[in-house]
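These notes concern the structure reproduced below.
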There are 2 protein chains.
Amino acid sequence: MPEPEHPAGRRPRLTRERVLEEAVALADEAGFDGLSMRTLADRLGVVPMALYKHVRDKEALLDGMVETVLAEVPPPPDEPGAGWKAAARTRVLDTRRALQRHPWAWRALETRPAPTPAMLDHMEAMLRILRGGGVSPQLTHHAMHALGSRIWGFTQEVGASGPPPTDPDEIAAVMAAMAARWPAVLESAMSAGHDPDTTVGAGCDDDFEFAFALDLILDGTEALDARGWTPWEGVAAGAEG
Amino acid sequence: MPEPEHPAGRRPRLTRERVLEEAVALADEAGFDGLSMRTLADRLGVVPMALYKHVRDKEALLDGMVETVLAEVPPPPDEPGAGWKAAARTRVLDTRRALQRHPWAWRALETRPAPTPAMLDHMEAMLRILRGGGVSPQLTHHAMHALGSRIWGFTQEVGASGPPPTDPDEIAAVMAAMAARWPAVLESAMSAGHDPDTTVGAGCDDDFEFAFALDLILDGTEALDARGWTPWEGVAAGAEG
DNA sequence: ACGCGAGGTGTACGGCGTACACCTATAACG
DNA sequence: CGTTATAGGTGTACGCCGTACACCTCGCGT
């Protein structure tokens with residue numbers, strides 16, 4: 001029965017778009033490590049090797065997935081409104097929001113051995129914000145490096161665990177161990193500072209920390225720009241003069 | 001031939017220390033992906049399963065390797081010399097030097113799901129530098145976040161490729177493509193700025209960029225500290241006032 | 001002298017990415 | 001309308017990976 005538009009629909013032909021779409025969905029649900037050529041093929045009702053007709057290999061699949069996610073970032077407005085700093089800030093936070101919808105994305109991004117076209121587009125847009133705002137090429141270059149992974153909207157906290165222990169006894173034990181050997185770590189964990197009535201320890205607001213660091217860099221860059229900083233002043237010229 | 005004390009010496013008994021030592025050496029030579037339980041066992045002249053008598057699993061092996069590398073970082077002096085900023089700077093750069101000797105280490109660090117004791121020790125030392133210098137608990141907390149992976153001595157450049165193409169034709173082709181679609185990226189690549197007579201494009205000094213970003217954060221934190229900043233001022237209070 | 005336990009071995013399983021040969025349904029064309 | 005080329009899906013297989021589990025074999029304390 002050659003019924004191409006069967007009610008349930010003859011399984012639609014695979015396309016690169018469908019593959020990427022389902023790969024993103026699968027990674028969203030199963031995490032970065034839950035995504036394999038085999039699980040993806042299963043999800044598409046197809047044999048693993050079928051995927052290779054649409055992506056060269058898994059690396060290319062990841063490239064495409066990054067492309068897909070980056071396409072979700074709203075483009076910067078043509079008209080820079082309130083200066084480059086605000087525009088850059090908005091763009092970074094926009095990117096962060098897109099990446100936060102796909103928690104696996106930073107691992108994909110970090111393992112790209114070379115910038116993909118979508119990544120270059122993304123960088124290009126950010127560079128134009130700075131250069132268009134009159135920041136010198138040199139300072140722009142260094143600022144991009146300083147922003148580093150923040151440009152991409154993520155900061156992987158080294159050693160950030162999953163959910164903290166919920167068992168009160170266990171919490172107490174951990175706290176005791178900390179107090180003995182790592183008192184400063186313990187104090188710092190209790191010193192989120194924003195939102196005073198937050199639950200102790202767990203109350204660290206990632207968005208605040210991200211914005212704080214971002215503003216430190218943007219404000220610092222702005223200050224250097226305002227003073228006409230040049231690299232020849234030496235490395236630590238930031239706030240010394 | 002049961003020659004127990006063969007001239008070359010009976011293969012010494014495996015110890016956790018020997019396992020970790022050789023694991024580090026292997027990763028140094030073969031890279032992070034070249035390290036597997038099997039290749040490591042080969043190197044030790046032993047069957048893969050023998051390793052499991054000394055490390056619980058591969059995750060624990062990586063924990064131990066991180067421990068080993070972090071032990072190479074010189075401890076901070078008890079006497080803070082020239083203020084917390086200089087001390088923090090020195091410690092970060094010391095850490096960076098240790099990590100640079102083991103290029104695989106950032107991947108191991110980044111994939112630790114929870115901080116290991118050695119990592120907590122490391123953080124503790126840095127926190128004490130700030131707190132000992134009189135920085136408030138809140139600002140210390142945020143500064144630690146802002147320093148982020150820089151505390152650990154690395155900043156993985158997203159999309160940083162290996163060696164750039166050496167074939168002149170290929171270079172020309174890449175440059176042409178960039179000029180057409182990513183002119184700002186191209187300009188930025190040519191604008192390293194430090195060391196004017198560097199080869200175009202390839203002359204970006206990672207150490208300079210690292211130090212630049214580090215100083216941006218440390219100087220910014222210092223300025224906030226000097227003015228008695230508190231989180232209630234709001235996120236972007238950095239340089240607005 | 002003996003036995004016991006720490007430490008090294010062998011085999012095996014299930015997962016991964018993917019090379020390669022094969023089949024099949026479609027669409028272009030004489 | 002029949003033929004045929006081909007894009008796209010299939011099946012099998014290989015060589016890696018981490019590691020569970022049963023086993024053996026020393027060397028040491030008794």
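Throughout, a chain's letter reflects where its sequence line sits, starting with A, and its residues are numbered from 1.
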Is NZ or CZ of A/R96 both nearer than 6.0 Å to the six-membered ring centre of A/F154 and within 45° of the ring axis?
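Output no; distance or angle outside limits.
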
From [options], pick the nucleotide closest to the side chain of [X]?
X	options	result
B/M49	C/dT11, C/dT18, D/dT10	C/dT11
A/L14	C/dT9, C/dT18, D/dG9	D/dG9
A/S36	C/dG8, D/dT19, C/dC16	C/dC16
A/V46	D/dT10, C/dG7, D/dT19	D/dT10
B/R38	C/dG7, D/dG9, D/dC17	D/dC17

Whole Å only: how far is the [atom1] atom of [X] from the [atom2] atom of [N]?
X	N	atom1	atom2	result
B/F32	D/dG18	CZ	P	10 Å
A/E17	D/dG8	CD	P	12 Å
A/Y52	D/dT12	OH	P	18 Å
B/M37	C/dG8	CE	P	13 Å
B/D42	C/dG10	CG	P	13 Å
B/L26	D/dC17	CG	P	11 Å
A/D33	D/dG18	CG	C1'	13 Å
A/K53	C/dT24	NZ	P	14 Å

Check: residues 60-70 of chain B side-chain donor-acceptor pairs under 3.5 Å, at least two apart:
| residue | atom | partner | partner atom | Å |
| --- | --- | --- | --- | --- |
| B/D63 | OD1 | B/R112 | NH1 | 3.1 |
| B/T68 | OG1 | B/G64 | O | 2.9 |

Say whether A/S188 and A/S191, considering side chains only, have a donor N or O and an acceptor N or O under 3.5 Å apart.
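A/S191 and A/S188 do not have a side-chain donor-acceptor pair below 3.5 Å.
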
Donor-acceptor side-chain pairing of B/E72 and B/H102 below 3.5 angstrom
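The criterion, which ignores hydrogens and geometry beyond distance, is satisfied for B/H102 and B/E72.
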
Pull out every residue in residues 54-69 of chain B that has a heavy atom closer than 4.0 Å to any atom of DNA chain D, ordered by number, or say none.
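Close to the strand are B/D57, B/K58.
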
Starting at CG of B/L218, measure out to CG of B/L147 and round the result to the nearest 0.5 Å.
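The CG atom of B/L147 is 5.5 Å from CG of B/L218, to the nearest 0.5 Å.
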
Below 4.5 Å, heavy atoms only, C-beta onward: do A/R150 and A/T155 meet side chain to side chain?
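Contact flag for A/R150/A/T155 side chains = yes.
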
Taking ring pair (Phe, Tyr, Trp, His ring centres under 6.0 Å) as the criterion, tell me which of B/H141, B/H142, B/H145 meets it with A/F208.
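When B/H141, B/H142, B/H145 are each tested with A/F208, the ring pair (Phe, Tyr, Trp, His ring centres under 6.0 Å) holds only for B/H142.
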
